[in-house]
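Presented below is the structure to which this report refers.
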2 protein chains.
Amino acid sequence: MDATEQSLRQSLSEKSSSVESQGNAVRALKASRAAKPEIDAAIDLLNKLKLEKSTVEKQLQSIITSSGNGSLNREAFRQAVVNTLERRLFYIPAFKIYRGVAGLFDYGPPGCAVKSNVLSFWRQHFILEENMLEVDCPCVTPEVVLKASGHVDKFTDLMVKDEKTGTCYRADHLLKDYCTDKVEKDLTISAEKAAEFKDVLAVMEDYSPEELGAKLKEYGITAPDTKNPLSDPYPFNLMFQTSIGPSGLIPGYMRPETAQGIFVNFKDLYYYNGRKLPFAAAQIGQAFRNEISPRQGLLRVREFTLAEIEHFVDPENKSHPKFPDVSKLEFLMFPREEQMSGQSAKKLCIGEAVAKGTVNNETLGYFIGRVYLFLTRLGIDKERLRFRQHLANEMAHYAADCWDAEIESSYGWIECVGIADRSAYDLRAHSEKSGVALVAEEKYAEPKEVEKLVINPVKKELGLAFKGNQKNVVESLEAMNEKEAMEMKASLESKGEVEFYVCTLEKNVIIKKNMVSISKEKKKEHQRVFTPSVIEPSFGIGRIIYCLYEHCFSTRPSKAGDEQLNVFRFPPLVAPIKCTVFPLVQNQQFEEATKVISKELTSVGISHKIDITGTSIGKRYARTDELGVPFAITVDSDTSVTIRERDSKDQVRVSLEEAASVVSSVAEGKMTWQDVWARFPHHSSATADE
Amino acid sequence: MDATEQSLRQSLSEKSSSVESQGNAVRALKASRAAKPEIDAAIDLLNKLKLEKSTVEKQLQSIITSSGNGSLNREAFRQAVVNTLERRLFYIPAFKIYRGVAGLFDYGPPGCAVKSNVLSFWRQHFILEENMLEVDCPCVTPEVVLKASGHVDKFTDLMVKDEKTGTCYRADHLLKDYCTDKVEKDLTISAEKAAEFKDVLAVMEDYSPEELGAKLKEYGITAPDTKNPLSDPYPFNLMFQTSIGPSGLIPGYMRPETAQGIFVNFKDLYYYNGRKLPFAAAQIGQAFRNEISPRQGLLRVREFTLAEIEHFVDPENKSHPKFPDVSKLEFLMFPREEQMSGQSAKKLCIGEAVAKGTVNNETLGYFIGRVYLFLTRLGIDKERLRFRQHLANEMAHYAADCWDAEIESSYGWIECVGIADRSAYDLRAHSEKSGVALVAEEKYAEPKEVEKLVINPVKKELGLAFKGNQKNVVESLEAMNEKEAMEMKASLESKGEVEFYVCTLEKNVIIKKNMVSISKEKKKEHQRVFTPSVIEPSFGIGRIIYCLYEHCFSTRPSKAGDEQLNVFRFPPLVAPIKCTVFPLVQNQQFEEATKVISKELTSVGISHKIDITGTSIGKRYARTDELGVPFAITVDSDTSVTIRERDSKDQVRVSLEEAASVVSSVAEGKMTWQDVWARFPHHSSATADE
């Protein structure tokens with residue numbers, strides 16, 4: 001224990017006792033029917049003290065867990081979290097009795113409850129509050145859909161094989177590990193060499209298979225397990241492939257994302273929405289990626305739950321009516337320029353970031369704000385959450401702007417939500433492949449006069465001149481943009497003929513004045529037809545949950561001081577169980593009282609668990625803390641009970657009848673624990689053996 | 001319209017008007033501050049009238065939809081339901097813009113909301129109320145797991161191929177269609193022939209591939225599309241196959257059910273539950289079956305949501321502590337004997353069915369009762385729901401008993417929930433394959449003295465006698481059961497030697513007295529170790545939802561009588577949206593009031609939609625009825641609004657402030673519409689153009 005920790009612990013102990021004495025004072029004031037202002041002042045003081053106590057606790061926690069001693073501490077911390085998670089069945093390596101499969105995990109009972117709470121809140125926060133259209137599409141997807149989206153051709157990682165054993169590795173992982181090791185652990189290398197490795201780490205994402213292969217060869221990198229030589233890198237498609245129907249003739253894949261199911265339904269959804277833009281569709285469901293060699297535990301898995309939103313918007317108007325609701329929010333942002341110039345993330349106001357153009361448009365900014373609110377309400381620490389803008393080389397060519405919500409964990413900063421303005425790319429791709437127009441219309445209040453380019457190839461003349469190639473020439477002429485066409489018109493008028501490159505013939509031809517007429521005509525248009533842009537917030541639910549586990553985990557010494565007890569400080573919103581009920585000892589009387597409370601908790605919709613094991617209350621509290629249960633009711637009489645709050649370990653005494661409603665009020669945020677603490681007599685834990 | 005329908009419609013119209021006048025009377029009484037008994041009597045009468053009205057409506061509905069004119073009516077009804085479902089995006093053929101894939105469907109916004117409501121209620125009714133352990137396992141499953149469960153070898157349908165085009169068909173479907181057609185439509189066949197076809201239909205499920213092939217040949221059945229000859233039937237595995245990881249060496253499948261994920265976790269779950277039986281685990285998730293040729297729309301699909309419960313219980317004690325909660329329930333049951341003797345399903349009391357042994361045990365009976373409550377609360381018509389016991393030939397050899405909840409739809413009686421006592425089969429299969437003991441223990445309060453058979457082969461003597469075959473002989477000796485061993489012991493003692501069949505050698509050998517010692521020893525045992533039985537209720541969520549659509553669908557004439565309007569009479573519990581809000585006309589004042597109501601509805605958690613289109617209120621009501629929205633608030637002033645109930649079309653006037661809380665009380669079942677009708681002034685729809 002270092003000096004800072006020592007002094008923080010001392011301060012914490014002092015603060016705890018002043019909180020307790022102030023709490024008693026408040027109770028005494030209430031009992032003596034003192035004037036309201038006096039009680040209010042005392043409550044204010046109490047709340048301030050509690051806040052200070054919680055700040056000190058946080059500092060202490062941050063010293064114990066994440067900061068300071070680097071990767072060793074981080075790994076010890078992670079191990080403590082993961083051990084607790086596995087022991088209490090938050091998750092289980094899938095098919096464990098058959099020695100498991102890398103990258104596949106089960107959620108056990110508390111993990112399931114957390115996931116279900118996170119998804120309920122997601123549905124509430126996004127779908128219901130924003131009136132989104134929810135859809136639910138199959139995981140099995142025919143090839144044509146993923147061909148159009150680009151996944152069949154491009155959803156790959158580069159792989160190398162051990163030339164003797166056939167074991168597969170991700171080529172970039174091997175190069176990354178090699179360079180990182182050199183930079184971090186090899187003290188013999190020169191400054192130039194170190195700079196070179198750092199440079200490789202920075203640019204390797206852009207390497208072609210050939211460049212990556214050359215680097216592996218240059219550094220003499222071999223198979224990590226056997227030291228055997230490696231094959232050249234080649235692309236491996238990350239989709240699980242299957243075959244639909246009995247013929248074996250319809251190839252299919254397990255979807256790598258849920259988004260495509262929304263895009264292919266755009267037309268129906270647009271009509272469902274009364275042909276109005278903007279609107280958003282959303283989907284929660286399983287997605288699959290056949291990772292080459294999954295690492296990082298729950299963060300890189302082969303099957304996971306995605307929650308995706310596709311917000312369709314007029315590309316000429318990306319404002320958002322509810323932007324003022326979030327525009328004042330401030331949080332850590334990491335724009336492209338700051339990354340390039342080696343600075344770190346800093347607090348920005350999202351309203352200003354949009355106004356200055358750092359964030360491309362209001363709708364993108366609105367979703368960034370909403371994602372911030374979503375994650376922090378779940379319990380993600382706002383100091384360990386940042387929004388990082390994609391660098392130019394990370395972003396698809398069609399994307400207008402892209403920000404990732406990254407959460408800091410023991411593995412470093414982890415991308416948990418991507419928020420991208422994908423422009424019209426996806427809808428256009430499916431329009432082209434399917435032949436179904438995925439477009440929106442804007443009806444003009446009054447017809448508009450527009451100037452339209454009209455290109456009329458004269459087929460008879462072109463046929464005479466180009467015979468079998470006529471079609472190619474016609475198509476090339478029709479495909480000219482306004483600038484090209486007007487230049488040709490000018491040349492034809494001045495010179496009578498012009499050289500013209502026909503790309504499908506890969507050669508120049510001579511176009512004469514009589515072969516084509518080019519003009520601009522004025523037309524009245526009643527509406528504008530366009531492909532909407534799509535803004536896509538995409539949530540990796542499992543990653544968010546894992547980061548939440550790390551952010552909520554802490555340890556504290558047992559009363560005897562002889563061991564460290566684990567606590568998950570989940571907000572009630574996500575806690576797997578909201579309340580446990582303990583009869584102090586096993587007898588008829590307490591059992592009856594326990595039943596009454598249990599029934600009332602069920603009727604107010606509070607998930608709870610009854611622990612009737614004969615072990616000490618202290619042990620039962622410890623067990624409940626490890627599951628992150630925020631409240632515990634101990635039945636020690638048949639008229640009143642105690643309610644204990646997990647983080648402060650404070651206890652109040654409440655009548656049997658009121659117990660369920662008090663817990664439900666705090667769990668649902670209608671009341672704070674401070675309110676409860678001020679309202680009810682405090683119970684000293686002296687009798688309990690905590 | 002036939003005479004019965006005519007008279008029912010007449011009666012309905014009369015009853016509607018008496019309900020209305022009685023409602024007005026109640027209101028008048030309340031306004032005049034009459035004595036409470038008078039008001040109560042009036043309310044009683046009103047409720048009775050409402051009940052009668054609803055009975056007549058139901059009779060009318062049943063005439064219009066399901067009964068009477070056989071399959072033609074059924075198909076017309078189905079078409080009406082399906083058209084409405086597709087038009088309002090309850091569901092969408094998946095990948096429609098690419099001309100779809102048979103057996104794959106999307107849920108659109110209202111379908112998603114219904115599904116989410118059904119699953120929430122399932123979680124509440126089963127997992128929370130019964131304290132089940134929920135798990136969430138991957139869909140991608142390695143082969144070893146499904147080899148152990150028997151799916152790799154036995155999860156097949158018999159398939160035939162068109163020998164020229166290669167098109168695949170389910171062999172039993174072709175035979176079934178042929179026989180059904182003959183029986184139902186061919187008037188030329190003899191009585192014997194008809195009896196033969198009926199007999200084939202009854203027994204064809206038991207046919208081997210060869211028998212099925214012989215029948216197809218005998219009847220000259222050809223490919224339905226081309227009349228080409230067919231191949232012999234051969235088994236086609238219904239699992240979607242894939243490959244896990246990049247090597248291509250780990251075969252995997254998309255799970256055909258969620259149950260296996262629970263079985264392989266039995267050991268951890270048993271420990272999590274404090275090593276106590278009984279307990280249940282549950283899982284909701286996607287399952288996949290690569291059907292040969294999906295038919296029956298939403299009922300036979302290639303990907304679907306299952307909700308499965310595995311209730312683990314001591315095979316020696318299948319009682320259930322909560323059985324008295326359901327034992328008085330009465331509903332349609334169809335036991336094995338009634339099916340065999342050609343009777344039909346009849347109303348039985350589940351308590352008696354268990355007492356008489358019709359249902360194998362209390363736990364099975366308890367779940368049958370709980371499933372009945374679940375389905376009827378969702379809105380499944382209890383007259384069109386029956387529990388059918390599996391016939392001996394339908395049931396796996398290891399199953400102790402099995403009942404299907406079947407729901408009647410336009411496709412006939414459809415299996416929607418299976419409730420099976422699978423004995424110890426699944427846990428034993430995985431124990432054997434994995435080598436991990438999946439067992440439970442019962443600790444005895446006091447050690448029990450038990451007599452144990454002890455067989456000690458004398459390896460030295462056996463080695464001398466049998467040399468290389470010694471191992472086979474030893475294993476066979478050790479594998480004797482008690483009876484065999486005691487017979488051998490007697491023979492050896494009387495004759496000194498005995499002939500013994502060693503099955504792995506496929507011959508008899510001579511065992512002499514000095515080669516084996518057989519005895520019974522008394523031992524003290526402190527516990528009993530056993531493999532639990534599992535009782536499995538398995539819910540096809542998509543099938544339940546489709547049947548619910550059919551049961552809730554009805555039509556009624558528009559006010560003008562010129563068209564039939566569609567109504568989904570969903571209970572509020574499952575309705576996709578609980579309430580719509582209509583400003584009567586578009587103006588600032590109504591818009592403000594609408595916002596107030598919308599905000600309050602959101603805060604009490606009532607999903608709602610605002611319809612500000614300028615169309616008539618009548619049209620907006622019709623639109624909302626077609627989505628099954630139970631309540632509509634029309635904003636026609638800035639101090640009070642009307643609330644309209646979907647099924648009765650009754651409207652009451654409520655103050656702006658109360659509107660949201662009234663709707664939420666009725667939607668959540670805290671109040672009935674009758675209560676509302678009695679409490680608030682009635683609003684005549686004369687002004688509205690319904």
Side-chain angles (χ1 to χ4, degrees), chain A residues 89 92 94-98 101-102 104-109 111-113 115-116 123 128-129 133-142 144-145 159 166-168 236 240-247 250 254 261 264-265 267-268 272 274 286 288 290 292 302-303 430 434 436 602 607 609 613, chain B residues 89 92 94-98 101-102 104-109 111-113 115-116 123 128-129 131 133-142 144-145 159 166-168 236 240-247 250 254 261 264-265 267-268 272 274 286 288 290 292 302-303 430 434 436 602 607 613:
Chain A
L89 295 202
I92 310 158
F95 318 113
K96 195 167 111 178
I97 62 170
Y98 293 103
V101 175
L104 293 179
F105 295 92
D106 298 335
Y107 286 81
C112 255
K115 182 177 171 187
S116 156
R123 209 173 241 126
L128 294 182
E129 282 201 23
L133 308 182
E134 189 176 0
V135 299
D136 181 7
C137 309
C139 300
V140 174
T141 306
V144 61
V145 174
M159 180 160 92
T167 308
C168 305
F236 171 75
F240 284 99
Q241 192 171 3
T242 191
S243 173
I244 305 173
S247 68
I250 309 173
M254 302 312 298
V264 298
N265 279 320
K267 198 175 162 186
D268 278 340
Y272 187 82
Q286 294 302 90
F288 303 81
N290 195 9
I292 293 171
R302 285 176 164 153
E303 182 177 337
H430 286 296
S434 69
V436 175
T602 303
S607 63
K609 209 179 161 169
T613 51
Chain B
L89 296 202
I92 310 158
F95 318 113
K96 196 168 109 179
I97 61 170
Y98 293 102
V101 176
L104 293 179
F105 296 92
D106 298 335
Y107 286 81
C112 254
K115 182 177 172 188
S116 158
R123 210 172 241 125
L128 293 183
E129 283 202 21
N131 263 307
L133 307 182
E134 190 176 357
V135 300
D136 182 8
C137 310
C139 300
V140 174
T141 306
V144 62
V145 174
M159 180 160 92
T167 308
C168 305
F236 171 75
F240 283 98
Q241 192 170 5
T242 190
S243 175
I244 305 173
S247 68
I250 309 174
M254 303 312 297
V264 299
N265 279 320
K267 199 175 162 186
D268 278 340
Y272 186 84
Q286 293 303 90
F288 304 81
N290 195 9
I292 293 171
R302 285 176 166 153
E303 182 177 337
H430 285 296
S434 68
V436 175
T602 302
S607 64
T613 51

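Every chain is numbered from 1, with letters handed out A, B, ... down the list of sequences. As a basis for the values below, the full set of heavy atoms in this structure was taken, side chains included, without hydrogen atoms, waters or symmetry mates.
- Using a 4.5 Å cut-off between heavy atoms, Phe105(A) touches chain B through its backbone atoms (N, CA, C, O) alone.
- Heavy-atom pairs under 4.5 Å with chain B were tallied for Leu128(A), Val145(A), Thr167(A); the largest tally goes to Val145(A).
- To the nearest 0.5 Å, atom CE of residue Met159(A) and atom OG of residue Ser247(B) are 8.5 Å apart.
- Among the candidates Val436(A), Leu133(A), Leu89(A), Val101(A), the residue making the largest number of heavy-atom pairs closer than 4.5 Å to chain B is Leu89(A).
- Nearest heavy atom pair, residue Cys168(B) against residue Pro246(A), reads CB-CG, 3.4 Å.
- Ranking Ala113(A), Pro138(A), Cys137(A) against chain B, the residue ahead of the rest is Pro138(A), based on heavy-atom pairs under 4.5 Å.
- At least one side-chain heavy atom of Tyr98(B) sits under 4.5 Å from a side-chain heavy atom of His430(A).
- Chosen from Ala94(B), Pro142(B), Ala102(B), the residue pairing most often with chain A at heavy-atom distances under 4.5 Å is Pro142(B).
- In this structure, the portions of Thr141(A) lying under 4.5 Å from any heavy atom of chain B include both its backbone and its side chain.
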Problem set entry | side chain to side chain contact (heavy atoms under 4.5 Å, CB included) assessment of Lys267(B) paired with Ile97(A) | CA-CA 9 Å; Lys267(B) 199 175 162 186; Ile97(A) 62 170; 5.6 Å; no

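- The most heavy-atom pairs under 4.5 Å with chain B, out of Gly111(A), Ser243(A), Gly274(A), Gly166(A), come from Ser243(A).
- Of the two parts of Asn290(A), only the side chain, counted from C-beta on, holds a non-hydrogen atom closer than 4.5 Å to a non-hydrogen atom of chain B.
- Glu303(A) touches chain B through its side chain: at least one heavy atom from C-beta onward sits under 4.5 Å away, while N, CA, C and O do not.
- Residues Ile92(A) and Asn265(B) are in side-chain contact: their nearest non-hydrogen atoms beyond the backbone lie under 4.5 Å apart.
- Heavy atoms closer than 4.5 Å to chain B are found in the side chain of Lys609(A), but not in its backbone.
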For this session: Would you sort out whether Val140(A) and Met254(B) count as a side chain to side chain contact (heavy atoms under 4.5 Å, CB included), showing the intermediate values?
Result: CA-CA 10 Å; Val140(A) 174; Met254(B) 303 312 297; 5.5 Å; no

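- Using a 4.5 Å cut-off between heavy atoms, Asp268(B) contacts chain A through both its backbone and its side chain.
- What you find for Gly245(A) and Phe236(B) is that their closest heavy atoms are O-CZ, 4.1 Å.
- Ranking Cys139(B), Gly261(B), Ser607(B) against chain A, the residue ahead of the rest is Cys139(B), based on heavy-atom pairs under 4.5 Å.
- Heavy-atom minimum distance, Pro109(B) versus Val135(A): CD-CG1, 4.4 Å.
- Using a 4.5 Å cut-off between heavy atoms, Val264(B) touches chain A through backbone and side chain atoms alike.
- If you measure heavy-atom distances from Thr242(A) to chain B, the contacts under 4.5 Å come from both the backbone and the side chain.
- In plain terms, the two heavy atoms of Ile244(B) and Phe240(A) that are nearest each other are CA-CE2, 4.0 Å.
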